[in-house]
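Everything below concerns the one structure shown next.
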2 protein chains.
Amino acid sequence: MEPEKVRAPNIRDVARLAGVSYQTVSRVLNESPNIRPSTKERVLEVIDELGYQPNQAARTLVTNRSRTIGVLSGDTAHYGPTTSVHAIEIAARQSGYRVMITNTTSDYDSIRAGLDFLRQQAVEAIVIIAPQVRVFDAIADMNLTIPFVTLDSTQRDTHRSVSVDQFRGGRLATRHLIDLGHREIEHLAGPQDWIEADARMRGFLHEIGDAELATRPPILGDWTAAFGHHAGRELLRHPDFTAVFCANDQMALGLIHALHEEGVRVPQDVSVVGFDDIPDAAHFWPPLTTVRQDFAEIGRRSLAIILDEVLGSSDASHEQVVPELVVRASTAPPQ
Amino acid sequence: MEPEKVRAPNIRDVARLAGVSYQTVSRVLNESPNIRPSTKERVLEVIDELGYQPNQAARTLVTNRSRTIGVLSGDTAHYGPTTSVHAIEIAARQSGYRVMITNTTSDYDSIRAGLDFLRQQAVEAIVIIAPQVRVFDAIADMNLTIPFVTLDSTQRDTHRSVSVDQFRGGRLATRHLIDLGHREIEHLAGPQDWIEADARMRGFLHEIGDAELATRPPILGDWTAAFGHHAGRELLRHPDFTAVFCANDQMALGLIHALHEEGVRVPQDVSVVGFDDIPDAAHFWPPLTTVRQDFAEIGRRSLAIILDEVLGSSDASHEQVVPELVVRASTAPPQ
DNA sequence: TGTCGTGATGTGTACGTTCACATGCTGCGA
DNA sequence: TCGCAGCATGTGAACGTACACATCACGACA
């Protein structure tokens, strides 16, 4: 015997039990002003009694609004994106919106599928935290009509963006090393197709050029500690440098690991700067000098911006949050 | 002049242009078997031309199925959960499902709101990765009729679960220290309302009891490196121990930081074991001995289990994945 | 040659909600 | 006393799709 498939109660069931029309129930649900308090109370009682829940699909179908913001996030479990997403959720909840997150791998088809999914769910806006160049191809190809905002620093006028000023961050880190007196500075960069990685690298090159130091070609990494470790071993085959600027904290961790293994002291022999200021960075050994990005802040701002657009404003702004150098124990003057 | 609000093309628009009935279009979309190839082709052409996309809300409304799996995840950006979520997404995609993720903070109302949201979105099943006891109160109160699976090790018969055997992991770590010859072992545990934290602690206590060592009350932490650092400083006020088992890698990192600061050598003076084996752990200094959990594997399995239930199977299984001790350089015999 | 099964396609309806409009009632001012 | 504004509530339609059923053409078979 199959258990009988009970239909969920709908607005009409509520109406019948409350002795009103379904429209009145709808009014209660939507907090219409003109409704007698006693009626409203009675309806609410029945709703509670029945455990009635509005059918979101039906609502979306008729209103074409879902009160939902979509988030397209990258495939990796990085500290930054997850922190931003969390901030977005909290902010959205406060504005009466919900958030639907979809992860994607970095290939075109996956990004495309993710955007399609969000569109099908009738999200009212999309926050894109997949900071790879390829994302923009997908967006262009499917000419998205939904408002969207990106969390990175492309200055395209086609859409809004909020980002930490990565270029400036790259300069801050490099300038710090130069100010300490370093002249032989390596850069362990991120993957080239990441917008942020590129901006940090440009910041590095800019300061190197400004100080008229010899330019060393950056090493292109993949953000992982394992790569940092590998790169560190390679670099030590020609130890003609006194400082390394790593494009994120994880790679800095791996690099320091390699330095330790070879008996190279940090910061006495080599100074290391990271990027991000993940919570762990303060507890690396030595505690890491790094550039702090406020991931939560850009999350909050992105939501504010996109709700602004949903509600009618239309100027495509590009906000930038200023990063901050956090000096700890992994940097010192060269000896 | 407002730009005219253009309605998205629907199934009838497609039908008209293709010269067939809307039902035929529907059949093409749902890959009905009895349809002439030439007709199908013509319809597909029109779909492509119009950029038609099925309206998910309408589909869900009529079928009461969404081909979507909900994921309720905790509020923190931990490595484990994010890795599991990612694995779930990939597996879901392969089965023709999509995943909708909702984060929650750990308070009851937020969990409740998250579950309500997922239910309203008509997800067909829910994977719960919010491993706090409180989750079960919320579930019980709203008597969820949707199949769900949890990614932790409560052995309740009300639902399915997949988990790494945390108890066993706790034993592995502790046993390793005992086998090395340690007798004075501290445990830095996780928050008490986390199911996993509790299980690891029980594993620890079990081995301590087995070896007839004096039981030291575990220190209850919050998973962060900052807490590990703080706890390390506290412990060093009475340095009567030779080893510490930390309930996760981050706390181990902070603890080691505190030890380094006081000139205590790891592992010569104090051995440290972590838990999780996050990618960074291999690059801590010293590289961390820890217990590896296969987060991706439990993600994949959870999806398999829940799809199984969606498709009709009904025995509530409790699968367990075996954790693995990874010995690196943070542990050694006491000296 | 009539009947019947089968493949291909079309028609009516339901899903649960909101919007636009209609209706009834109340009280107030002329 | 009448008309009318305004509040409270009700009725009909629409959103876009899938399911159940109806219809039609065609060939096989007795």
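So that the names make sense, note that chain A is the first sequence line, chain B the second, and so on, each numbered from 1. Reckoned from all heavy atoms, side chains included, excluding hydrogens, waters and symmetry mates.
A:Val310 and A:Pro147 get closest at one heavy-atom pair: CG2-CG, 4.4 Å. In terms of heavy-atom proximity, A:Ile128 sits nearest to A:Phe148 at CD1-CD1, 3.8 Å. In terms of heavy atoms, B:Leu61 sits closest to A:Ala57 at N-CB, 3.9 Å. Pairing each heavy atom of B:Ala138 with each of B:Ile111, the nearest pair is CB-CG2, 3.7 Å. A pairwise comparison of heavy atoms in B:Asn103 and B:Gly74 identifies OD1-O, 3.5 Å as the closest pair. Between B:Gly114 and B:Thr102 the shortest heavy-atom distance is CA-CG2, 4.0 Å.
For the side chain to side chain contact (heavy atoms under 4.5 Å, CB included) criterion with B:Leu44, the lone passing option out of B:Val28, B:Val14, B:Val25 is B:Val28.
Taking every side-chain heavy atom of B:Val20 into account, C:dG10 is the closest of C:dC15, C:dT17, C:dG10.
Across the protein-nucleic acid pair, B:Arg16 atom CZ and C:dG10 atom P stand 14 Å apart, rounded to whole Å. B:Gln56 has its CD atom 19 Å from the P atom of C:dC15, to the nearest Å. The interatomic distance linking A:Arg67 (CZ) with C:dT18 (C1') rounds to 15 Å, in whole Å. At whole-Å resolution of the value, CD1 in B:Ile11 and P in C:dT9 are 15 Å apart. With rounding to whole Å, A:Asp13 atom CG is found 10 Å from C:dG16 atom C1'. Following rounding to the nearest Å, A:Asn10 (CG) and C:dC15 (P) show an atom-to-atom distance of 8 Å. Rounded to whole Å, the distance from CD on A:Glu31 to C1' on C:dC19 is 18 Å. Atoms OH (B:Tyr22) and P (C:dT13) sit 10 Å apart, rounded to a whole Å.
Using a 4.0 Å cut-off between charged nitrogen and carboxylate oxygen, A:Glu45 and A:Arg42 do not count as a salt-bridge pair.
When the nearest nucleotides of DNA chain C are assigned to B:Pro33 and B:Gln23 by heavy-atom distance, the more 5′-ward of the two goes with B:Pro33.
Within 4.0 Å (heavy atoms only), B:Leu61 reaches at least one base atom of the nucleic acid.
Note on residues 105-129 of chain B: pairs passing salt bridge (Lys or Arg N to Asp or Glu O under 4.0 Å), not counting sequence neighbours, are B:Arg65-B:Glu124, B:Arg112-B:Asp116, B:Asp116-B:Arg119.
End-to-end axis angle of the helix from C:dT1-D:dA30 to C:dA30-D:dT1, from C1' rotation axes over five pairs per end: 60° (rounded to 10 degrees).
Distance check: B:Ile88 CD1 to B:Thr83 OG1 gives 11.0 Å after rounding to the nearest 0.5 Å.
Contact between the side-chain N/O atoms of B:Asn34 and the OP1/OP2 oxygens of C:dA8 is found at a separation under 4.0 Å. Taking only side-chain nitrogens and oxygens, B:Arg36 comes nearer than 4.0 Å to OP1 or OP2 of C:dT9. At least one side-chain nitrogen or oxygen of B:Thr39 sits closer than 4.0 Å to the OP1 or OP2 atom of C:dT9. Note on A:Asn55: every side-chain N or O is 4.0 Å or more away from OP1 and OP2 of C:dG16.
For DNA chain D, the span of nucleotides reached by chain A at under 4.0 Å from its heavy atoms goes, 5' to 3', from D:dA8 to D:dG16.
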